[in-house]
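The structure under discussion appears below in the form of structure tokens.
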Amino acid sequence: MRARRVGTGFEFRLFQDEREIGWLDGASVTFRGFETADDAIFASTVAQHALVRRREQEPDPADTAMLLPPMPDGPGIGGWGFTIALLPSERVEVFALARARVIWRALQGTGVSRRMRQFVDGPASV
């Protein structure tokens with residue numbers, strides 16, 4: 001996964017194999033492109049579990065992913081998605097990027113990344 005800065009602020013677009021898969025801002029990580037709501041829900045659960053393991057702490061019931069319905073046709077990534085808030089300690093650029101990579105590796109490890117519209121013509125490589 002590669003991150004490309006947008007402008008001069010703290011916003012990045014996330015890419016795999018030159019295909020946009022999501023974005024990162026100062027407070028959250030978002031992945032989009034899932035074919036169905038069920039795929040996005042499963043992906044968000046995988047992401048949450050990966051972050052809990054990485055953070056080495058008990059899950060907080062208030063710390064949940066938010067499901068994102070498909071956006072109307074237009075520029076950007078289509079399909080279902082999810083966004084996860086970062087902890088205040090993770091909002092430093094280097095830590096935020098690391099958390100986005102943890103999530104992406106978890107999505108690839110479970111195979112749910114292959115259910116993204118961006119990769120219907122072939123698997124997403126590591």
Side-chain angles (χ1 to χ4, degrees):
M1 181 191 84
R2 300 223 185 261
R4 294 184 187 147
R5 187 181 300 275
V6 176
T8 58
F10 186 161
E11 184 177 348
F12 292 86
R13 295 291 183 216
L14 306 175
F15 294 86
Q16 179 68 42
D17 299 334
E18 299 305 317
R19 297 171 187 164
E20 190 172 355
I21 56 174
W23 58 89
L24 170 67
D25 62 27
S28 63
V29 179
T30 301
F31 285 91
R32 227 183 226 290
F34 298 96
E35 289 290 337
T36 67
D38 287 341
D39 288 345
I41 291 167
F42 176 62
S44 69
T45 302
V46 167
Q48 287 175 288
H49 287 284
L51 285 180
V52 166
R53 281 191 309 271
R54 181 66 181 110
R55 291 170 176 163
E56 297 178 353
Q57 67 184 38
E58 291 298 315
D60 182 349
D63 187 24
T64 59
M66 185 171 72
L67 189 65
L68 303 173
M71 297 185 323
D73 289 340
I77 308 168
W80 287 87
F82 66 90
T83 189
I84 295 182
L86 296 170
L87 298 176
S89 62
E90 297 170 330
R91 294 180 182 167
V92 175
E93 188 175 292
V94 67
F95 296 123
L97 288 167
R99 295 306 184 251
R101 286 186 176 94
V102 164
I103 293 170
W104 182 243
R105 282 193 303 268
L107 297 179
Q108 288 182 306
T110 60
V112 73
S113 63
R114 291 188 299 270
R115 299 180 192 173
M116 296 173 80
R117 292 176 172 197
Q118 298 91 316
F119 305 109
V120 294
D121 59 330
S125 63
V126 177

Within-4.5 Å side-chain heavy-atom neighbours: Thr83 and Val29: no
Quick check: do Arg115 and Glu35 have side-chain heavy atoms less than 4.5 Å from each other? no
How about Leu97 and Glu93: do any of their side-chain heavy atoms sit closer than 4.5 Å? yes
Short side-chain to backbone donor-acceptor contact, Asp25 and Ala27, under 3.5 Å: yes
Do Ser89 and Phe95 have side-chain heavy atoms sitting under 4.5 Å apart? no
Taking atom CZ as the centre, does Arg5 end up with more than 12 heavy-atom neighbours from other residues, nucleotides or ligands that are less than 6.0 angstrom away? yes
From Leu107 atom CG to Ile21 atom CD1, the distance as rounded to the nearest 0.5 Å: 8.0 Å
Under 3.5 Å, is there a donor-acceptor pair linking the side chains of Gln16 and Trp104? yes
Leu86 and Ala96 have their tightest heavy-atom pair at CD1-CB, 3.6 Å
Scanning both residues in full, the closest heavy-atom pair of Leu68 with Arg32 reads CB-NH2, 3.2 Å
Ignoring hydrogens, what is the shortest heavy-atom contact between Phe119 and Ser113? Give both atom names and the distance. CD1-O, 3.5 Å
For residues Arg117 and Phe34, determine if any side-chain heavy atom of one lies less than 4.5 Å from a side-chain heavy atom of the other. no
Set of residues satisfying side-chain contact (heavy atoms from CB on, under 4.5 Å) with respect to Ala47, sequence neighbours excluded: Phe82, Ile84, Ile103
Arg2 atom CZ, over 12 foreign heavy atoms within 6.0 Å: no
Please find the pair of heavy atoms, one from Ala85 and one from Ser28, that lie closest to each other, and give the distance. CA-CB, 4.0 Å
Test of understanding: with side-chain contact (heavy atoms from CB on, under 4.5 Å), list the residues that count as partners of Arg13, not counting sequence neighbours. Val6, Glu11, Phe15, Glu20, Trp23
Rounded to the nearest 0.5 Å, what separation is found between the CG atom of Leu14 and the CZ atom of Arg19? 16.0 Å
Shortest non-hydrogen contact between Arg99 and Glu90, atoms and distance: NE-OE2, 2.8 Å
For Trp80 and Pro70 the tightest heavy-atom approach is CE2-CD, 3.3 Å
Can you find a pair of side-chain heavy atoms, one from Leu24 and one from Phe10, that are under 4.5 Å apart? yes
